[in-house]
Amino acid sequence: SLELFIAAYRVWISEKATYVLRQKLYDHILRLKLSFFDQEKMGRLINQTVNDLDKIREMLADSIIPGIGTIGLVVAVTTASLLFYPGIAVGLLPILPITYLLFTKFRKTQTEAYDSFRKSLSDQNSFLQEHLMGHQTIRSFTPRAVEAQDFLRINESLYQSSLGATTTFAWFLSFIDSIVGLAYIAGFTTFALLATAYAPFSAGSFFTMTLWSLMLFRPLADFAERYNIFLSGMAAIKRIVPLLKEEEEIAGTSAHLTIETIEEISFEDVHFSYRTGQEVLKGLSITIKRGERVGLVGLTGEGKSTIVNLLLRFYTPQSGLITINGQPLERYNLKSLRSAFSLVLQEPLLFSGTIEENIRFFREEIEMGPSPLPEKSLHFPILELGRNLSLGERQLISLARASIDPSTFLILDEATSSVDPESERRIQGELKNLLEERSALVIAHRLTTIRSMDRILVLHGGVIAEEGSFDQLMKKKGLFTNFWNLLHIEKL
């Protein structure tokens with residue numbers, strides 16, 4: 001039937017629109033600046049990508065599209081009543097301004113209620129995401145009663161905001177029903193008073209009055225329900241629009257250059273701060289030639305990882321120049337720039353899938369070698385974030401991921417600082433093979449990792465304070481020697 005076709009088409013439009021918007025939103029999030037994620041909760045982003053978009057889908061399917069038909073019906077019936085049954089219109093139409101005022105009040109109250117509800121739901125999702133991921137730490141340090149109390153507070157806020165929205169809608173729907181009843185009374189009264197001027201108050205007149213009243217005011221109750229869904233969807237849109245307006249990474253107006261091989265990396269008088277007035281790098285200058293293996297050491301917070309973030313254009317320095325092969329980073333295509341590096345972090349990130357899928361990482365054209373874990377095959381299933389593997393095993397897989405493309409510049413950011421001695425021994429063996437004939441920047445707290453580097457840079461006070469080979473730096477008896485002695489004492 002036509003009604004069934006319209007319903008199916010309505011569902012298709014809403015699902016298709018949500019599908020396109022969800023894809024656009026996810027792609028946009030992946031292109032946002034890294035600084036955005038420094039300040040945003042992951043649970044909130046998940047809520048916006050899933051729950052908020054679902055409310056928009058519901059708004060399209062059950063509010064906007066059918067609501068247009070409802071409004072059209074009310075306008076058509078109102079026009080017809082004015083043209084053909086002015087007596088009925090005189091009794092019914094004065095009710096419409098009252099209904100409009102009621103809708104206006106409802107919209108304001110319900111918008112506030114849904115804004116509060118969406119915020120509370122987002123807070124709860126963020127809480128669950130953080131606390132379920134850290135359940136081991138919570139169990140170790142926090143009594144269950146305290147943890148339950150924290151969740152109770154957030155859950156109570158969600159309950160109250162949801163209850164407020166539901167109560168407001170219930171009252172609104174009751175008022176609409178009351179107005180419909182009032183319309184019947186007003187219409188019949190007016191029609192009866194004017195009946196002698198037009199025609200006797202016959203059964204036909206009574207039926208006509210009832211029919212027109214139903215056609216004019218019954219859709220208002222239906223529209224009230226759809227309007228409630230509409231307000232819920234608009235509250236979701238208000239949360240998504242600012243996210244879509246967040247600034248993406250800028251490739252640059254002339255970012256057409258690509259990188260085949262890295263001949264030279266240069267930092268020239270680079271200044272950078274994450275927050276105004278708190279400079280991390282204060283005129284940093286570094287040069288790394290092709291084939292060099294350079295170690296970078298320094299105390300926590302000195303800016304070692306910041307150098308990596310700037311090199312990969314996750315952040316942009318406030319002043320100074322960073323070049324690759326003599327060209328500023330801004331002139332390189334971002335995809336080409338980052339593909340020229342293989343990055344291994346202190347906390348390796350693995351995804352649900354197999355060992356092979358985590359090593360390939362969507363690079364199907366590259367041939368696979370043996371599994372980096374001899375006791376596990378390449379098809380061994382990895383759970384979320386690699387939680388069914390030890391930290392050392394996850395790091396070995398991460399190193400295998402970096403080694404799959406030998407043409408890239410290798411960056412190791414504290415790759416062995418969190419593993420046990422046995423895992424470190426295995427990782428050091430892999431590192432030795434990985435670093436052969438490759439350009440590399442190795443950041444390390446465990447100084448044994450960078451003992452064989454061609455050069456070691458000591459970062460202190462936002463600049464390079466010392467530079468040289470391991471033996472040269474030990475003979476200086478400066479900062480590096482102090483770091484080494486401190487490490488030796490800690491081991492004792």
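The figures that follow rest on heavy atoms only: side chains count, while hydrogens, waters and symmetry mates do not. Count residues from 1 along the sequence.
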**OP:** Could you tell me whether Tyr315 and Tyr274 have their ring centroids closer than 6.0 angstrom?
**Re:** yes

Original post:
Does the side chain of Met234 come within less than 4.5 Å of Thr111's, by heavy atoms?
Top reply: no

Original post:
Between Lys108 and Glu112, is there a salt bridge with N-O shorter than 4.0 Å?
Top reply: no

**OP:** State whether the side chain of Asp269 and the backbone N or O of Leu321 hold a donor-acceptor pair below 3.5 Å, judged by distance alone.
**Re:** no

**OP:** Identify the two heavy atoms, one from Ile450 and one from Gly295, that lie closest to each other, and give their separation to 0.1 Å.
**Re:** CG2-CA, 3.9 Å

Original post:
Is Asn325 reaching over with its side chain to a backbone N or O of Thr261, donor-acceptor style, under 3.5 angstrom?
Top reply: yes

Original post:
Are any side-chain N or O atoms of His28 and backbone N or O atoms of Leu243, one a donor and one an acceptor, separated by less than 3.5 Å?
Top reply: yes

Subject >> Residues Asp413 and Ser305: side-chain donor-acceptor under 3.5 angstrom >> reply: yes

Original post:
Rounded to the nearest 0.5 Å, how far does CG of Leu459 lie from CG of Leu299?
Top reply: 9.5 Å

Subject >> No-hydrogen, no-angle side-chain donor-acceptor test under 3.5 Å, Thr408 and Ser342 >> reply: yes

Which side-chain N or O atoms in residues 368-383 pair as donor and acceptor under 3.5 Å with protein atoms at least two apart or in another chain?
{"unit_1": "Ser371", "atom_1": "OG", "unit_2": "Leu373", "atom_2": "N", "d": "3.2"}
{"unit_1": "Ser371", "atom_1": "OG", "unit_2": "Leu373", "atom_2": "O", "d": "3.2"}
{"unit_1": "Ser371", "atom_1": "OG", "unit_2": "Lys376", "atom_2": "O", "d": "2.9"}
{"unit_1": "Lys376", "atom_1": "NZ", "unit_2": "Glu393", "atom_2": "OE2", "d": "3.0"}
{"unit_1": "Ser377", "atom_1": "OG", "unit_2": "His379", "atom_2": "N", "d": "3.3"}

**OP:** Could you tell me whether a side-chain N or O of Ser157 sits under 3.5 Å from a main-chain N or O of Ile154, the two making a donor and an acceptor?
**Re:** no

Original post:
When you measure from the side chain of Arg394 to the backbone N and O of Leu389, does any donor-acceptor pair fall under 3.5 Å?
Top reply: yes

Original post:
At what distance, to the nearest 0.5 angstrom, does CG of Leu281 lie from CD of Glu302?
Top reply: 9.5 Å

Subject >> Over 12 foreign heavy atoms within 6.0 Å of CZ, Arg290 >> reply: no

**OP:** Evaluate the side-chain proximity of Val294 to Met453: yes if any heavy-atom separation is below 4.5 Å, no if none is.
**Re:** no

**OP:** Answer yes when Glu247 and Lys33 have at least one side-chain N-carboxylate O distance shorter than 4.0 Å, and no when they do not.
**Re:** yes

Original post:
So, does Arg338 use its side chain to make a donor-acceptor pair with the main chain of Arg313 at under 3.5 Å?
Top reply: yes

Subject >> Reported CD-to-OG1 distance for the pair Gln23 and Thr49, which is rounded to 0.5 angstrom >> reply: 11.0 Å

Subject >> Chi angles and distances behind the side chain to side chain contact (heavy atoms under 4.5 Å, CB included) call for Arg226, Ile229 >> reply: CA-CA 5 Å; Arg226 302 193 188 284; Ile229 297 172; 5.5 Å; no

Original post:
Between Leu350 and Arg401, what is the shortest heavy-atom contact and its length?
Top reply: CD2-NH2, 3.4 Å

Original post:
Does any non-hydrogen side-chain atom of Ile322 lie less than 4.5 Å from one of Pro317?
Top reply: yes

Subject >> Ser336 side chain to Ile259 backbone, donor-acceptor under 3.5 Å >> reply: yes

Original post:
Do Leu25 and Leu244 have side chains that get closer than 4.5 Å, going by heavy atoms?
Top reply: yes

Subject >> Gap separating the CD1 atom of Ile397 from the CD1 atom of Ile355, nearest 0.5 angstrom >> reply: 4.5 Å

Subject >> Lys289/Glu292 salt bridge by N-O under 4.0 Å criterion >> reply: no

Subject >> Leu337 vs Leu329 side-chain heavy atoms within contact, under 4.5 Å >> reply: yes

Original post:
Under a 4.0 Å N-O cut-off, is there an ion pair linking Asp115 with Lys119?
Top reply: no

Original post:
Do the charged groups of Arg57 and Asp54 touch, with an N to O distance under 4.0 Å?
Top reply: yes

Subject >> Min side-chain heavy-atom separation Phe172-Thr109 under 4.5 Å >> reply: no

Original post:
Would you say the side-chain atoms of Tyr332 pair up with the backbone N or O of Thr323, donor to acceptor, closer than 3.5 Å?
Top reply: no

Subject >> More than 12 heavy atoms from other groups under 6.0 Å of CZ on Phe314 >> reply: yes

Subject >> Distance (rounded to the nearest 0.5 Å) between Leu441 CG and Leu457 CG >> reply: 7.5 Å

**OP:** If the plane angle is over 60° it's perpendicular, under 30° parallel, otherwise tilted; pick one for Tyr227 and Phe230.
**Re:** parallel

Original post:
Under the side chain to side chain contact (heavy atoms under 4.5 Å, CB included) criterion, do Leu296 and Val442 qualify, and how do the steps go?
Top reply: CA-CA 6 Å; Leu296 182 61; Val442 180; over 6 Å; no

Subject >> Tyr19 atom OH, over 12 foreign heavy atoms within 6.0 Å >> reply: no

**OP:** Run the numbers on Arg438 and Ser403 for side chain to side chain donor-acceptor pair (under 3.5 Å), then give the verdict.
**Re:** CA-CA 10 Å; Arg438 290 186 74 166; Ser403 67; 5.8 Å; no

**OP:** Please report the C-alpha distance between Asn228 and Gln110 in whole Å, then the side-chain angles of each, then the deciding distance to 0.1 Å, and finally whether the side chain to side chain contact (heavy atoms under 4.5 Å, CB included) criterion is met.
**Re:** CA-CA 8 Å; Asn228 189 55; Gln110 200 70 337; 2.7 Å; yes

Subject >> Within-4.5 Å side-chain heavy-atom neighbours: Ile29 and Phe36 >> reply: no

Original post:
Between Arg239 (side chain) and Asp52 (backbone), is there a donor-acceptor pair under 3.5 Å?
Top reply: no

**OP:** Give, for atom OG1 of Thr258 and atom NE2 of His256, the distance between the pair rounded to the nearest 0.5 Å.
**Re:** 9.0 Å

Original post:
Closest approach of Ile443 and Lys304, non-hydrogen atoms and distance?
Top reply: CD1-O, 3.4 Å

**OP:** Answer whether the closest heavy-atom distance between the side chains of Leu412 and Leu410 falls below 4.5 Å.
**Re:** yes

Original post:
Given the rule in the side chain to side chain contact (heavy atoms under 4.5 Å, CB included) test, do Gln160 and Phe117 qualify, once you have shown the distances and angles that lead to the verdict?
Top reply: CA-CA 8 Å; Gln160 292 295 340; Phe117 173 77; over 6 Å; no

**OP:** List the atom of Glu279, the atom of Ser273, and the distance in Å for their closest heavy-atom pair.
**Re:** CA-CB, 3.6 Å

Subject >> Ser439 side chain vs Gly291 backbone, donor-acceptor pair below 3.5 Å >> reply: yes

